[in-house]
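Counting begins at 1 with the first residue of the sequence.
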Amino acid sequence: MHEIVRRALIKDGWTITHDFFEIPVEKGLNYEIDFGAEKVIIAERGVTKIAVEVKSFLGASETYEFHKAFGQYVTYKEALDESEPNRKLFLALPKKLKKGILRFSFIQNLLSKFGVYFCIFDPVTEEIIEWKD
């Protein structure tokens, strides 16, 4: 899924600046997010910087995979906020989750309440089909 999301981000106009974006938290504790990317936003005359963690949800339980992804997001976001506060963190989630765990209002409310940014990618067309921020 890593390479699929990489190609999808490039198709969406992003420049990959880091293929594994390391966040040094403190001595002996570092995190690694799948991608760092940036995009020139002409309307704002600036650059939007993001980090993207790819989640494939290949395990047997979407609920368990969601819990892992959510916990990882919160941890990475806190570390990223300290080291590079101008970069937004996104989870890249496969399209199948729209009919899966993302269809539940409880999950949608949870993501909204905790400010979880995510994008939905189609692994077949290798495109980002939705951004939520």
Lys55, NZ: over 12 other non-hydrogen atoms inside 6.0 angstrom
yes
Chi angles and distances behind the side-chain contact (heavy atoms from CB on, under 4.5 Å) call for Ile23, Ile33
CA-CA 8 Å; Ile23 308 170; Ile33 300 172; 3.3 Å; yes
Those residues at least two apart in sequence (or on a different chain) that pass ring-ring contact (aromatic ring centres under 6.0 Å, His included) with Phe35 are His2
Rounding to 0.5 Å, atoms CZ (Phe121) and CD (Glu127) come to a distance of 12.5 Å
Look up atom NZ in Lys77 and atom OH in Tyr31, then write down how far apart they are to the nearest 0.5 Å.
14.5 Å
Taking atom CZ of Phe20 as the centre, does the number of heavy atoms from other residues, nucleotides or ligands within less than 6.0 Å exceed 12?
yes
Side chain proximity check, Val52 to Phe21, heavy atoms < 4.5 angstrom
no
Would the distance check show the side chain of Thr75 and the main-chain N or O of Gly71 forming a donor-acceptor pair, the cut-off being under 3.5 Å?
yes
Under 3.5 Å, side chain of Asn109 to main-chain N/O of Ser105, donor-acceptor pair present?
yes
Residues Pro24 and Asn30: closest non-hydrogen pair is CA-OD1, 3.1 Å
If only atom types and distance count, is the side chain of Glu53 paired as donor or acceptor with the main-chain N or O of Asp34 below 3.5 Å?
yes
Residue pair Tyr73 / Leu89: nearest heavy atoms and the distance that separates them:
OH-O, 3.1 Å
Just list the side-chain donor-acceptor pairs under 3.5 Å for residues 94-104, sequence neighbours left out, or say none.
| unit_1 | atom_1 | unit_2 | atom_2 | d |
| --- | --- | --- | --- | --- |
| Lys95 | NZ | Asp122 | OD2 | 3.4 |
| Lys96 | NZ | Phe57 | O | 2.9 |
| Lys98 | NZ | Glu130 | OE1 | 2.4 |
| Arg103 | NH1 | Lys99 | O | 3.2 |
| Arg103 | NH1 | Gly100 | O | 3.1 |

Is there a path of hydrophobic side-chain contacts, each under 4.5 Å between heavy atoms of I, L, V, M, F, W or Y residues, that connects Leu29 with Leu80?
yes
Show, in sequence, the C-alpha distance, side-chain angles and deciding distance for Asn86 and Lys49, and conclude whether the side-chain contact (heavy atoms from CB on, under 4.5 Å) test is met.
CA-CA 7 Å; Asn86 294 331; Lys49 294 182 177 182; 5.7 Å; no
The ring-ring contact (aromatic ring centres under 6.0 Å, His included) partner of Phe70 among Tyr76, Tyr64, Phe114 is Phe114
Begin with the C-alpha distance, continue with both residues' side-chain angles, and end with the deciding distance and a verdict on side-chain contact (heavy atoms from CB on, under 4.5 Å) for Glu3 and Glu126.
CA-CA 9 Å; Glu3 288 304 314; Glu126 299 185 346; over 6 Å; no
Going by salt bridge (Lys or Arg N to Asp or Glu O under 4.0 Å), name the pairs with one or both residues in residues 14-27, residues two or more places apart or in two chains.
Arg6-Asp19
Step by step, would you call Ile10 with Ile16 a side-chain contact (heavy atoms from CB on, under 4.5 Å)?
CA-CA 7 Å; Ile10 291 169; Ile16 304 297; 3.9 Å; yes
Nearest 0.5 Å please: distance from the CH2 atom of Trp131 over to the CD1 atom of Ile120.
10.5 Å
Interatomic spacing from OG1 in Thr48 to CG in Asp133 - rounded to 0.5 Å
9.5 Å
To the nearest 0.5 Å, tell me how far Leu9 CG sits from Phe90 CZ.
10.0 Å
Value rounded to 0.5 Å, distance of CD1 in Ile50 from SG in Cys119:
7.0 Å
Residues Thr17 and Ala37: closest non-hydrogen pair is OG1-N, 3.6 Å
Hydrophobic clustering (ILVMFWY, side-chain heavy atoms < 4.5 Å, transitive) - are Phe106 and Leu93 grouped together?
yes
